[in-house]
Protein chains: 2
Amino acid sequence: MTRRKVSNTLALALLGLLRERPMHPYEMASTLRERHKDGSFKINSGSLYDTVESLARHGWIEPVSTERAGKRPERTVYALTELGEGEFVGWIDELIRTPVAEHPKFLAAVSYLGALGRERAADALAERAGRLRRQCEDIRAVLAATVGSGRVPRLFMIEVECALHSLEAESAWTEQTIAEIRGGGLEWPA
Amino acid sequence: MTRRKVSNTLALALLGLLRERPMHPYEMASTLRERHKDGSFKINSGSLYDTVESLARHGWIEPVSTERAGKRPERTVYALTELGEGEFVGWIDELIRTPVAEHPKFLAAVSYLGALGRERAADALAERAGRLRRQCEDIRAVLAATVGSGRVPRLFMIEVECALHSLEAESAWTEQTIAEIRGGGLEWPA
DNA sequence: AATCGTATAGTAGGATCCGACTAATAGAGG
DNA sequence: CCTCTATTAGTCGGATCCTACTATACGATT
C-alpha cells in the first residue's frame with residue numbers, strides 16, 4: 001500500500017505550471033516567484049531538480065526538447081502528460097478534502113512557553129506579534145498591487161488571502177495571550 | 001554562521017521532557033502521547049532514535065545508565081546536560097520571536113483551487129469544513145477533560161488552545177469561501 | 001494451553017531534502 | 001573596455017526523515 005508516488009507539494013506547483021505550457025525547471029521556479037507562489041510552496045533549487053526528475057520518472061511529465069544558449073548548461077523542457085493532468089486534479093481534491101496534521105514550529109515552542117518565565121514569554125510573544133503585523137501588511141500590499149488593481153483575477157491569488165487570514169488569526173491569538181500573561185489571567189506554575 | 005545544530009522540533013520535545021527526569025527513548029514517546037503533545041510534535045519511532053542520537057552527539061543529553069527487563073532489548077536512559085538546558089530555553093525564545101514560513105499542504109492545494117471547477121471546489125471545501133468542525137470538537141473535549149476539570153494547569157495545555165484557535169480560523173475561512181463560491185461572489189475565470 | 005491482539009522497544013535501508021557550491025552571461029558603473 | 005555584481009542554470013554530497021520490519025512480553029479469549 002504505497003502512498004501517493006510524489007508527495008512533495010512543490011511537485012503540485014510544477015504540474016500546475018506545466019498545464020499552461022512546457023517549461024524548463026529554472027523557468028518554473030522563476031515563474032512561481034513572479035506570481036508570489038513562494039509563500040505557498042517551498043522553492044529550493046536543490047529539491048526543484050529532484051522533484052522534476054521524480055515527476056518524469058513516474059510519467060507525470062516528460063521531456064519534450066533540449067535547448068542550449070551559448071555555453072550554458074543544456075536546458076531540458078518538460079511538458080505535462082495526460083497521466084500528470086489527472087493526478088494533478090485528483091491530488092488537489094484530496095488535499096482540500098482531508099486535513100492533515102501539520103506541526104508548525106511555533107506550536108512546538110508554545111508547548112514549552114512555561115520554560116521562558118512570565119516576563120520573557122510575554123516579551124518574546126510581543127516581538128513575534130510585531131513581526132506578524134508587518135508580514136500582514138506586506139501581504140495586503142501585494143494583494144492591493146495585484147488583485148486590487150484589477151490586473152490579476154482574485155481566484156489566482158486566493159491562497160494569499162487564505163494565508164493572510166491565518167496569519168491574522170495567529171496574530172490575534174498572540175496579542176490576546178500576551179494580554180492574559182501580563183494581566184495575570186494565565187496562571188504560571190513552577 | 002552555523003545553523004542550529006539540531007533543528008527537528010521533536011528534539012525540543014525531548015529536551016523538555018528530560019528537564020523533569022531522565023528517561024529512555026520509548027518512554028519519552030509514550031509520555032508525550034499521554035500528555036497530548038502529539039498534536040504539536042511529530043512523533044515517529046524512526047526519527048525518535050535518530051534525534052536522541054543526534055542530541056547525544058552534540059552533548060545536549062547524555063546516557064546515564066542502561067537497564068534491561070527480561071529478554072527485551074537493552075534500554076538506554078538519557079539525562080539532560082547543562083548545555084542542553086541552555087540550548088532548550090534559547091531555542092524556544094528564538095522560535096517564539098521569529099516567525100518562519102511554513103508551507104502547509106492546504107495552502108498548496110488552494111493555490112490551484114481553480115483547477116477543480118466551481119462545483120467540485122465548493123464540494124471539496126465543504127467536506128473539509130465538516131472534518132475541521134469535528135476536529136475542533138475533539139480538541140475542546142480534550143481541553144474540557146484536562147484543564148476544564150482542574151486536573152492540569154492551563155499553561156501546560158496552552159499550545160492546544162493555540163492549535164484550536166488556528167483550526168477555528170481555518171474553519172471560518174473555509175466556510176466563508178464556500179459561501180462566496182456558491183453565492184457567485186468569487187469570479188471563476190477559465 | 002494455543003492463539004490473538006496489543007503494548008513494549010528498537011533497527012535498517014532507502015527516499016527525500018537541502019545547503020553550499022560551480023559556472024556562464026548580461027548589464028551597470030567607472 | 002574592464003571589473004563587479006546580479007541573474008541564469010544547475011550539480012552534488014551529506015543530513016534527515018520515515019516506512020516497514022523485527023522481536024519480546026503480556027493479558028484475554030477460545
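Computation of the quantities below employed the complete heavy-atom set of this structure, encompassing side-chain atoms and omitting hydrogens, waters and symmetry-equivalent molecules. Numbered from 1 within each chain, the chains take letters A, B, ... in sequence-line order.
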Out of D/dG10, D/dA20, C/dC17, minimum distance to the side chain of A/Y49 belongs to D/dG10
Which of D/dC17, C/dC17, C/dG10 is nearest the side chain of B/R75? It is C/dG10
To the nearest angstrom, the CD-P distance between B/E27 and C/dG10 comes to 10 Å
Note to self: Using a 6.0 Å distance limit plus a 45 degree cone around the ring axis, check whether B/R128 lies over the aromatic ring of B/F106.
What the structure shows: yes
- Taking atom types as they are modelled, is there a donor-acceptor pair under 3.5 Å from the base of D/dC18 to the side chain of B/D50? yes
More than 12 heavy atoms of other groups within 6.0 Å of B/E20 CD: yes
Separation of D/dT8 atom P from A/M23 atom CE, nearest Å, is 14 Å
Quick note, B/K42 side chain, CB onward, closest among D/dG10, D/dC18, C/dA9 is D/dC18
Whole-Å distance, A/R57 CZ to C/dG14 C1', equals 12 Å
From CG of B/L14 across to P of D/dC17 the rounded distance in Å is 12 Å
Ranking D/dG10, D/dT16, C/dG10 by distance to the side chain of A/H24, first place goes to D/dG10
**Item:** Side-chain N,O (B/N44) to OP1/OP2 (D/dT19) below 4.0 Å
**Value:** yes
Side-chain contact check for A/Y26: nearest option of C/dG10, D/dT7, D/dC18 is D/dT7
Review point. B/T81 side chain to B/W60 main-chain N or O, any donor-acceptor pair under 3.5 Å?
Key: yes
From CG of A/L48 across to P of D/dC12 the rounded distance in Å is 15 Å
Electrostatic pair A/R133-A/E175, nearest N-O below 4.0 angstrom: yes
Taken to the nearest whole Å, CZ/B/F41 to C1'/D/dC18 is 19 Å
Closer than 4.0 angstrom, basic N to acidic O: yes or no for B/R19 and B/E85? yes
Rounded to whole Å, CE of A/M28 lies from P of D/dT8 at a distance of 16 Å
Distance below 4.0 Å between A/N8 side-chain N/O and C/dT16 OP1 or OP2: no
*asked:* OP1 or OP2 of D/dG10 versus the side-chain N and O atoms of A/S45: is any pair under 4.0 Å?
replied: no
Separation of D/dA15 atom P from B/L10 atom CG, nearest Å, is 19 Å
